[in-house]
Amino acid sequence: MDPLYKPQGVEQRWQQTWEEEGLYGADPDAPGETFVVMHPPPNISGSLSLGHCLQLSLEDTLVRWHRMRGFNTLFQPGYDHAGISTWAAIGRTLAEEGRNQRDLGREGFDAYVQEWLERYGGTIMSQFRQLGASLDYRRTRFTMDEGYYRAVMRWFVHLYERGFVYRANRIVNWCPLDQTALSDLEVEHEDEDDTLSYVRYPLADGSGAITIATVRPATILADVAVAVHPDDERYREFVGREVVVPFVERLVPVIADERVEREFGTGALKITPGHDPTDFEIGRDHGLAELTVIGPDGLMSDAAGELAGLTQEEAGRRVLDWASERGQLEKREHYRHSVGHCERCHSRVEPLVMPQWWLAMEELAAPAIASVKEGRVRFTPERFARVYLDWMENVRDWCISRQIWWGQRIPVWYCPDGHVTVAETEPAACGDCGSAELRQEEDVLDTWFSSALYPFATLGWPDETPELARYYPGSVVTTAREIIFLWIARMIFSGLELIGLDPYSDVLIHSTLLNPEGKRMSRTYGTAIDPEEALGPYGADATRYGLLKVTSSQDPRFSFGTIEEGRKLANKLWNASRLLLMAGAAEAEARPSSVEERWILARIDATRAEFEADLAAFDFAHAVQRLYRLTFDDFCDWYLESIKPRLAEEDVRATAFAALERLLKLLHPVMPHVTEEIWTNLPARETRLIVAPWPEPQAEFAADLHALDEAQTAARLYRRSGVRIELGGDSLRIFEAVVRPSGDGQGDVEAERGRLRKEVERSERMLANEKFVANAAPEVVEGERQKLEQYRAELDALG
RNA sequence: GGGCGCGUAGCUCAGCGGGAGAGCACUCGCUUCACACGCGAGGGGUCGCUGGUUCGAUCCCAGCCGCGCCCA
């Protein structure tokens, strides 16, 4: 064994061995309580980031821990077709060649994306393996594979038959670049500088005018009303009268509606149901027409008459010029407001009225709200339950159709007579008229529509497979904050709707890793750190440790510091093991004959209990910190140093190996490779650590948990000042073995006395405060009294 | 506009009512027979600011000031 532990090579060897020996495999026929983690399937449109590694590290720690505890574990891998994301990514690649997706044709695009899939899909799975993630790779699923596709079709038809899916002409978020509708959740709001134009709309009878403020003057062409707040005194007399829309000179009514913000602009709002979501709702309630003057390409449409074909900016200028010439442009002012953008291509989203497929949410949401309210699904940290509930309780219908070619095609067929047939597979004839001339709906489904089925579609649903029976519902799902609505909420309601059970009991929202500058890691902005930068030089174990160490804060800035700490821990373990192995073989059996041996066994067991509690609470940062302290302080600094003089005794070595085995077991879920490598070097070791049983509680040595206190106190004093306090028996022996004191032990006694006198004074002052003694908790006062006694005793010991 | 989180040592972060902590970095000492990628010691902080509650506040409350995120 080399004095320096080098993870390179070792890690890969174990990853291969574990997988080849089938130790990652989930067996539905095997015994044991189940523990299931469905790893959120990454998009095939990219490679992994360190953020993914963090997520994978905490999942794998939980999975390995449960596997060792004898659970029947399934750690499910897969990847996501990621509809618009992949569509946009491929679009960017094609654009460099001067082409676009639609140039390829629908089949050509499918072929192109297959290549893409093999390339990125392969990279992703090899990155999973490189981190030591013990996923059952044989079960890798893809959200567009044949079985999964069938599940999505069943889901759609089910919802259609329940009356939840419907097609309607409503306002949608339209991405003019990707040429598709988006759901509300796929729109990013960003603040932008704009100009607010105040335009006068004359009353039809010429008796005055009403001024509105708009940032989109081009849409004036599609105005169908002006609205004011019903309680707004300024405009009360205008309600019910007609005004003339500038440029198009159309007569439209002035209406009253409570949704108008009185404080915005002049308090009068132009109503354009065809191009604004709020106006759309107001329009529907007032029975107004839905005129559109902007086309799917974001340019002015034919309906814009002489302005057809112009950009909105140019059209807006023309409209304002028109108003200005007639004295109807009152003023223009700077205005900063939030504008919707496509989250994938960042184009400005165009609200347009068009037919799309929708999922009615209210009835589906109700049981999913109850699951969280009643604690069947728990969020960690708890506050995210509130975030989930706030959204679910106000959830709006979900636009599920997309006008791209990548995704599950909506299973709806139309005949020439306009009849609609909905079926899981292509029907032979129209369900209404029997016509064989069927044309399938061109649209595909929102990628999240299929992701919603992940916890059971991966297990073979809608077939009744052994996997489905065994591994649904699952246990824990972990994800980033922004995925709560997109995925978590949808998995819960779809699981409840189709199977009647929540998909998991725990939702763990993990921290979002920032780059060292405090910016979000993003591959497109070049602010991401490639996992290879950590995995290459430090190895997977150190990377896992370092990432877990930092999961207690919400948005930690990435630094190599904690990974370096992990590397040190691996190296320390390695060398501690070398010490024991070089001392000679012995069977691993706890046969403690001295207090420090009983003490380390007690310390390991106490840490085991605390570590278990930490993991149960998903507190990985503290869990990992405990292992570091146990290894460095307890095991190496005190235990190994104190038994060194007796390592020739076989019983001492036997106990040491037993202790080391327990230590390795505790560390394995966090640092699987180095622990397995050491394990395999231990004498007479035949099993694999990955499937070795988790340590049972060991209470028989608990009485000695504090047995080294005296020696440790003496060591602190001696190391600080050179002063030796009188020790006897075991404490003296351990002190001398660990500290190896030299010199006369006189040291700076006077300085120590001074330090202790100060402590005594502080303590006495506190206890002399009647209000403290009267008001503080009794145990606090008692604690202070004991400290005072301790200081006085130490002062006496110095003579 | 609504909501949430975070400001603690040079850096990354713990602590969250009773004497300010860790790792890294820095200074000093030590080649000591597992590890010098080691061991030991040390310097370094008005715990963002201002009020309040309390015998006692980094911790609780309120208001500011910065940073970040989510929703609309």
Side-chain angles (χ1 to χ4, degrees), chain A residues 1-6 184-185 187-189 261 263-264 277-278 337-338 340 381 383-384 386-388 390-391 394-396 480-486 509 511-512 514 516 518-520 537-538 542 545-546 549-583 619 621-622 624-625 628-629 632-633 635-637 640-641 644-645 647 715-716 718-722 738-742 758-759 761-763 765-777 779-784 787 791:
Chain A
M1 288 172 84
D2 201 297
L4 180 63
Y5 173 67
K6 297 189 187 77
D184 294 338
L185 291 175
V187 176
E188 279 182 358
H189 297 267
E261 283 179 58
E263 294 73 28
F264 174 77
T278 308
H337 65 139
S338 118
R383 62 190 140 87
F384 290 111
R386 192 69 256 160
V387 174
Y388 166 93
D390 284 347
W391 187 76
N394 298 293
V395 70
R396 298 162 66 171
R481 297 193 285 284
E482 64 268 23
I483 308 299
I484 294 174
F485 313 136
L486 287 165
I509 304 300
S511 32
T512 301
L514 303 179
K519 298 286 176 224
R520 215 191 168 86
Y538 297 95
Y545 175 95
K549 182 76 191 286
V550 97
T551 50
S552 49
S553 20
Q554 182 164 267
D555 296 314
R557 290 183 182 207
F558 175 76
S559 93
F560 285 103
T562 55
I563 295 181
E564 176 66 22
E565 195 176 310
R567 197 195 53 73
K568 277 178 54 179
L569 177 55
N571 194 242
K572 195 71 176 172
L573 265 181
W574 181 253
N575 278 294
S577 309
R578 282 179 67 223
L579 171 68
L580 293 178
L581 287 164
M582 290 190 297
D619 185 354
H622 289 99
V624 130
Q625 190 173 15
Y628 185 93
R629 293 265 80 96
F632 272 81
D633 301 351
F635 196 83
C636 293
D637 290 355
L640 288 184
E641 292 301 335
K644 255 183 195 173
L647 271 178
R716 264 193 302 277
Y718 175 79
R719 284 165 170 169
R720 183 171 59 227
S721 63
V738 174
V739 180
R740 294 182 218 166
S742 59
K758 265 187 171 168
E759 295 288 8
E761 270 174 43
R762 186 198 59 81
S763 204
R765 206 167 35 242
M766 241 177 130
L767 288 165
N769 181 347
E770 283 172 32
K771 286 181 172 173
F772 168 70
V773 178
N775 294 319
E779 60 270 22
V780 171
V781 178
E782 184 48 36
E784 200 55 45
K787 271 192 260 177
Y791 295 135

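These numbers come from a predicted model, not from an experiment.
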Kindly say if A:S559 contacts the phosphate of B:rC11, meaning a side-chain N or O under 4.0 Å from OP1 or OP2.
-> no

Distance, rounded to the nearest Å, where A:Y628 contributes OH and B:rG23 contributes P = 6 Å

Could you check how far CD1 of A:I484 sits from P of B:rC4, rounded to whole Å?
-> 14 Å

Of all the heavy-atom pairs spanning A:V738 and A:D637, show the shortest one and how long it is.
-> CG1-O, 3.5 Å

For A:K787, enumerate each residue passing the side chain to side chain donor-acceptor pair (under 3.5 Å) test, keeping only those at least two apart in sequence or located in another chain.
-> A:E784

Salt bridge (charged side-chain N to carboxylate O under 4.0 Å, His left out) filter on A:K6, not counting sequence neighbours, yields A:D2

Whole-Å P distance, B:rG51 and B:rU58 | 14 Å

Across the strands shown, which category fits A:A777 at heavy-atom distances under 4.0 angstrom: base, sugar-phosphate, nothing?
-> base

B:rC55 P sits how many Å from A:E770 CD, rounded?
-> 14 Å

How far, in whole Å, is B:rC60 from B:rC55 if one measures between their C1' atoms?
-> 16 Å

Looking only at heavy atoms, what is the nearest atom pair of A:Y5 and A:A570, with distance?
-> CD2-CB, 4.1 Å

Could you work out the separation of B:rG23 and B:rC65 based on their C1' atoms and round it to a whole Å?
-> 31 Å

5'-most by nearest nucleotide on RNA chain B - A:P516 or A:E565 = A:P516

Distance, C1' atom - from B:rG66 to B:rC49, rounded to whole angstrom = 10 Å

In whole angstroms, the gap separating P of B:rC24 from NZ of A:K549 amounts to 10 Å

With sequence neighbours left out, the residues meeting side chain to side chain donor-acceptor pair (under 3.5 Å) with A:Q625 are none

Residue set satisfying salt bridge (charged side-chain N to carboxylate O under 4.0 Å, His left out) with A:K758, at least two apart, ordered chain then number -> none

Take A:K568 and A:E565 through the test salt bridge (Lys or Arg N to Asp or Glu O under 4.0 Å) and record every step on the way to the result.
-> CA-CA 5 Å; A:K568 277 178 54 179; A:E565 195 176 310; over 6 Å; no

Considering only the C1' atoms, how many Å lie between B:rG52 and B:rC59, rounded to the nearest integer?
-> 15 Å

Set of salt bridge (charged side-chain N to carboxylate O under 4.0 Å, His left out) partners for A:R719, sequence neighbours left out = none

Minimum heavy-atom distance A:L767-A:V773, with the two atoms named | O-CG2, 3.3 Å

Without swapping roles, check the side chain of A:N571 against the backbone of A:R567 for a donor-acceptor pair under 3.5 Å.
-> no

Nucleotide N/O of nucleotides 43-48 of chain B paired with protein N/O under 3.5 Å:
none

For atom C1', what is the distance between B:rC71 and B:rA22, given to the nearest Å?
-> 37 Å

When rounded to the nearest 0.5 angstrom, what distance separates CD in A:Q554 from CZ in A:R481?
-> 4.0 Å

Whether each nucleotide of nucleotides 31-41 of chain B has a protein heavy atom under 4.0 Å at its base (B), only at its sugar-phosphate (S) or at neither (-) is summarised, 5' to 3', as -BBBB-BSSSS

Base, backbone or nothing for each nucleotide of nucleotides 66-72 of chain B, written B, S, -, heavy atoms under 4.0 angstrom, 5' to 3'?
-> --SSSSB

Find the distance A:N775:CG to B:rG17:C1' and express it as a whole number of Å.
-> 13 Å

Whole angstrom is fine here: how far is it from CD in A:E263 over to C1' in B:rG1?
-> 11 Å

A:S552: what forms a side chain to side chain contact (heavy atoms under 4.5 Å, CB included) with it, not counting sequence neighbours?
-> A:A621

Between A:V550 and A:D390, which has a closest nucleotide on RNA chain B that is more 5'?
-> A:D390

Identify the heavy atoms of A:P556 and A:V550 that sit nearest to each other, and give their distance.
-> CG-O, 3.3 Å

note: A:L767, atom CG; B:rG18, atom P; distance rounded to Å ~ 16 Å

With sequence neighbours left out, the residues meeting ring pair (Phe, Tyr, Trp, His ring centres under 6.0 Å) with A:F485 are A:W391

Which residues pass the salt bridge (charged side-chain N to carboxylate O under 4.0 Å, His left out) test with A:R765, sequence neighbours left out?
-> none

Identify the two heavy atoms, one from A:G546 and one from A:T562, that lie closest to each other, and give their separation to 0.1 Å.
-> O-OG1, 2.9 Å

Interatomic distance at C1', B:rG40 relative to B:rU32, whole Å = 11 Å

Side-chain contact check for A:K771: nearest option of B:rA14, B:rC55, B:rG18 is B:rC55

B:rC30 P sits how many Å from A:Y718 OH, rounded?
-> 15 Å

Go through RNA chain B and write down every stem, that is, every run of at least three consecutive Watson-Crick or G-U wobble pairs with distances under 3.5 Å, as range with range.
-> B:1-7 with B:65-71, B:10-13 with B:21-24, B:26-30 with B:38-42, B:48-52 with B:60-64

How far does the C1' atom of B:rA34 sit from the matching atom of B:rA25, given to the nearest Å?
-> 26 Å

Does A:S553 put a side-chain nitrogen or oxygen below 4.0 Å from OP1 or OP2 of B:rA14?
-> yes

